[in-house]
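Okay, structure first, notes after.
Quick caveat, the model's predicted, so the values are computed rather than measured. No hydrogens, no waters, no symmetry mates; every other heavy atom, side chains included, goes into these values.
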Amino acid sequence: MTDLASPPAVATEAGAGTDRLTPSERDRILAKAALFSPPPAVLADGRRELVGLSREEMTQALAEIGEKPFRTKQLWHWIYHQGVTDFARMSSIAKPLQAKLAERFVVGRPVAATVQTSSDETRKFLFRFRDGQEAETVYIPDRREDRGAVCISSQVGCTLSCRFCHTGTQGLVRNLGTAEIVGQFMAARDSYGEWPSPRGETPRLLSTIVLMGMGEPLYNYDNVARAMRIVMDGEGIGLSRRRITLSTSGVVPMMDRCGEELGVNLAVSLHAVRDELRDEIVPLNRKYPIAELIAACRRYPAASNARRITFEYVMLRGVNDSEAEARELVRLIAGIPAKVNLIPFNPWPGSAYLPSTREQLDRFAQIVMDAGFASPIRMPRGRDILAACGQLRTESRRTRPVAA
């Protein structure tokens, strides 16, 4: 397993307030993440990708070709509100400038190498990026309303090697760039024709983003944060932070930063309530054990009764699904505005685990609910196309050596 984390502070008793981990630990994580940086967002012919640039960066890029700052507002509208990729279709921009922009810039999308639609209407995209690497993205429609979640990947592969997760068997290839992260959502909207961006109370078919695809988002924090700021910009895609959920396996130093800077909803991949078991099935726990993880959840600034932290718990038969473990879970999260998503294990080729029985799922859920926490059992979606939780994987491989 490629290790991107740093040694943790000493854990305290579960539920106690641990000190924040130092900025130097966050810096070490970011420095190691740089070893897996995406390639520059520049085409072979020298044209620069505009998707993924901040407003300030776009203004600077336009200034370099002699254009005024107001052009940024025009381009932002066409790219992120209208979803236009062809400068010639940007009707508020004069034709000579359209040609000038096309010579120097591009508005791109990842290529959908394959698109599969499940019998339950879940749709999985295998997106191919400019260097040939690939990642999977899943759209999960709501069963009752015309809305749904886009499950976005943040890395090609994953560094965590969680034992029950198919993605973890691939290993980390590289981080995705800002344009590649935003581009997954934009390409999914292309597929459903949801442009221009809906405004106000207008219903959205692609209504939420969950950063629960391939990879650990907090090990690619800078690119993820830049992408979500673009998504949340009110003059473009305009998706509220309340409609974005970031899932982490517990990169504690970056959880604080995410809460302070982005304030999106938080989901925590817990999956075990004892360190010795979580060490085995979620190896990141060896660096940031349960006590530190729960303490970080308690201080997460966006958590409230209206915006509860979601604890995700994959139910593995005979491994983590006993009634005693349900009671310990309740003890661990007591006092946190939270809900618990119980996830039946989704088998994949070569997996060593079995899903819990329905009876055991129900018993576990009842204990959690009796303690006052919502505890829905997440019904598997897209299993027939390997699009369910823990099933995403590509054949991408790392082609350059890892720095020492």
Looking only at side chains, do Thr159 and Glu216 share a donor and an acceptor under 3.5 Å apart?
no
Would you say the side chain of Thr310 lies within less than 4.5 Å of the side chain of Asn265, judging by non-hydrogen atoms?
no
Judged by modelled atom types alone, do Arg204 and Ser197 share a side-chain donor-acceptor pair under 3.5 Å?
no
If we only count heavy atoms from C-beta on, is the Arg363 to Gln360 side-chain gap below 4.5 Å?
yes
Under a 4.0 Å N-O cut-off, is there an ion pair linking Glu328 with Arg331?
yes
For the residue pair Glu312 / Ser247, report whether a side-chain donor-acceptor contact shorter than 3.5 Å exists.
yes
Give a yes or no on whether a salt bridge exists between Glu280 and Arg286, defined as a side-chain N under 4.0 angstrom from a carboxylate O.
no
Could you check whether Asp321 pairs with Arg317 (Lys NZ or Arg NE/NH1/NH2 to Asp/Glu carboxylate O, under 4.0 Å)?
no
Mind checking whether Tyr192 and Tyr139 have ring centres under 6.0 Å apart?
yes
Scan side-chain atoms only and decide if Ser92 and Trp78 contain a donor-acceptor pair under the 3.5 Å cut-off.
yes
Determine the minimum heavy-atom distance between Ile367 and Val330, stating which atoms define it.
O-CG2, 4.1 Å
Indicate yes or no: at least one non-hydrogen side-chain atom of Leu160 is less than 4.5 angstrom from one of Tyr219.
yes
Any chance the side chains of Glu235 and His81 put a donor and an acceptor closer than 3.5 Å?
no
Is the charged tip of Arg55 near the ring of Trp76: under 6.0 Å from the six-membered ring centre and within 45° of its axis?
yes
Could you tell me if the ring centre of Tyr313 sits under 6.0 Å from that of Phe364?
yes
Is there a donor-acceptor contact under 3.5 Å linking the side chains of Asp275 and Asn285?
yes
Just checking, is any N or O donor in the side chain of Thr178 or Arg226 under 3.5 Å from an acceptor N or O on the other one?
yes
Is it true that Asp362 and Gln366 share a donor-acceptor pair across their side chains at a distance under 3.5 Å?
no
